[in-house]
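The next block holds one structure in the form of structure tokens; read it before the comments.
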Amino acid sequence: MSDLTRRTAAELAALLAAKEVSSVEVTQAHLDRMAAVDGDVHAFLHVNTDEALAAAAAVDARRAAGEELAELAGVPIAVKDIIVTKGQVTTAASKILENWVPPYDATLVTKLRAAGMPILGKTNLDEFAMGSSTEHSAYGATRNPWDLERIPGGSGGGSAAAVAAFEAPLAIGTDTGGSIRQPAAVTGTVGTKPTYGGVSRYGLIALASSLDQAGPVSRTVLDSALLHEVIGGHDPLDSTSLPDPATGYVAAARSRDLKGVRVGIVKELGGEGYQEGVRRSFEQSVALLQQAGAEVVEVSCPSFEYALAAYYLILPAEASSNLAKFDGMRFGLRVEPTDGPVTAERVMAATRGAGFGDEVKRRIILGTYALSAGYYDAYYGSAQKVRTLIQRDFAAAFARADVLVSPTAPTTAFKFGEKLDDPMAMYLNDVATIPANLAGIPGLSLPSGLSDDGLPVGFQVLAPAREDARLYRVGGVLERLLTEKWGGPLLAQAPELEVASR
Ligand SMILES: NC(=O)C[C@H](N)C(=O)O
């Protein structure tokens, strides 16, 4: 069967269930595609050829034996390299974890394996998920399949690029301040940040524990919903895991209309600083929602003005504490000082000095300062108060609307190096995504069209905590109307990548 890499996960699942293709064929097709294009895209840090094919063969055997299998059984997937995989190198794109092989699987990885989904490899990211472009990866940036001179977003640029370049039908990302949604936006893919606690964080290398959330990256809303149901649900190994089972997302993604749904446009997310073409694409999508029967209102969230500032106190504070464990003693890199005595303190300093990149060091220093005695209340304490104000803004907005919408990111993909020396410019990429993390609510980004520069624009849908199904309902209907308008998926308009001959 030709072009297996162009199929959606749902289509592949149907072909596999009908035994028209085998998982080995599907997996091999994606491994071939990776071999052909990943030299340019660099979405993957590690490729698991043998293991993926063995998992595919095992699921094919189970199917042949007539076993009842999960819906996505046999569909391969890529996993962001900040999620631990037993026996497979996991680096968080940091030199400090170079060649580190975890002794256990993250809960969500256990679920993928149990569902019979072969893991193709581990995807690139900004080091420890700190960034919006993957330029902070210690192993080189990922390139955007729409234009190889441009960033694929971050931190999960590898996962988004892998899916956009047809190297994987699905991927796992993590979103602390936008790292699933912003890369999805700039690569023309779909990304979902579930409600905080909706997907287990066990085995996710922590960046900021009160914000981190893993979730799906895909090419369609339905595919995200399918994957969300596989990885979601309660996990006793994660103390912040919600008791809810992950159900109802797939049904919601198949909704046909939006009658009676109230959609709130967030006034603060879309004005100044947002590219003209981004705003136009957003407005066109809002008009389609109205056409589908939604009632559109404008809502105001005045505290969002302080969201970025609060995030850049809370995140560094939590990160400085979480990253303290990388000390050259327990795992990963160990650097001994070449001169003077080899004391524990000096080994730690040498290891952390050599092992962490600039952005990680910047945030550790910021966080350590924000938490230090005498400054704690002024900085961390104030940021926590802002967090409460943001939660109240959301509560008021959700009293008037069932979902909130905005552009996912203020601009389309920018060129490499453009924002690298200006941390503030880099941080501003997440201005529309961060409020959801601070409030713990779910959010989804789907492509809403192309901007004037011919690059994809993301449309963000936000819902109250535990109402993730609303994202899939609104996203599913909008996606259907948009693909009808375009005569096919947006990614069909991406330029063909040059295929390397092997
Ligand atoms: N992991 C994320 O969501 C991170 C976000 N882009 C940041 O730089 O903090």
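This one's a predicted model, so the numbers in the text were calculated from it and none came from an experiment. In listed order, ligands and their atoms are each counted from 1.
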Given that the side chain starts at C-beta and the backbone is N, CA, C, O, which of these parts of [X] lies under 4.0 Å from ligand 1, counting heavy atoms, or is it both or neither?
X: Thr176; answer: both
X: Tyr427; answer: neither
X: Asn429; answer: neither

Provide the number and element of each atom of ligand 1 under 4.0 Å from a heavy atom of [X].
X: Ser179; result: 1 (N), 2 (C), 3 (O), 4 (C), 5 (C), 6 (N)
X: Ser155; result: 1 (N)
X: Tyr312; result: 7 (C), 8 (O), 9 (O)
X: Ser132; result: 6 (N)
X: Tyr311; result: 4 (C), 5 (C), 7 (C), 9 (O)
X: Gly131; result: 5 (C), 6 (N), 7 (C), 8 (O)
X: Leu315; result: 9 (O)

message: Looking at Glu283 and Arg279, is there a salt bridge between them, counting it only when a charged N and a carboxylate O are closer than 4.0 Å?
response: no

- prompt: Just by distance, do the side chain of Ser281 and the backbone of Ser448 share a donor-acceptor pair under 3.5 Å?
  reply: yes

message: Determine whether a donor-acceptor pair (N or O, by modelled atom type, separation under 3.5 Å) exists between the side chain of Ser132 and the backbone of Asn429.
response: no

- prompt: Between Leu170, Thr123, Asn48, Leu112, which is the residue that forms a side-chain contact (heavy atoms from CB on, under 4.5 Å) with Val79?
  reply: Leu112

- request: Just say parallel, tilted or perpendicular for the rings of Phe356 and Phe128, cut-offs at 30° and 60°.
  value: perpendicular

- prompt: In terms of the angle between their ring planes, are Tyr380 and Tyr376 parallel, tilted or perpendicular, with boundaries placed at 30° and 60°?
  reply: tilted

field: Closest to atom 8 (O) of ligand 1 (judged by heavy-atom distance), picking from His136, Arg363, Glu359
entry: Arg363

query: Mind checking whether Met130 has an N or O less than 3.5 Å away from an N or O of ligand 1?
result: no

- request: Decide ring pair (Phe, Tyr, Trp, His ring centres under 6.0 Å) for Phe44 and Tyr139; before the verdict, give the C-alpha distance in whole Å, the side-chain angles of both, and the deciding distance to 0.1 Å.
  value: CA-CA 10 Å; Phe44 286 86; Tyr139 303 102; over 10 Å; no

- request: Considering heavy atoms of the protein only, find what lies nearest to atom 5 (C) of ligand 1 and give residue, atom and distance to 0.1 Å.
  value: Asp430 OD2, 3.2 Å

- prompt: Do Asp212 and Thr174 get their side chains close enough for a donor-acceptor pair, meaning under 3.5 Å?
  reply: no

task: Mind checking the CZ-CD1 spacing from Arg363 to Ile365? Nearest 0.5 Å is all I need.
output: 13.0 Å

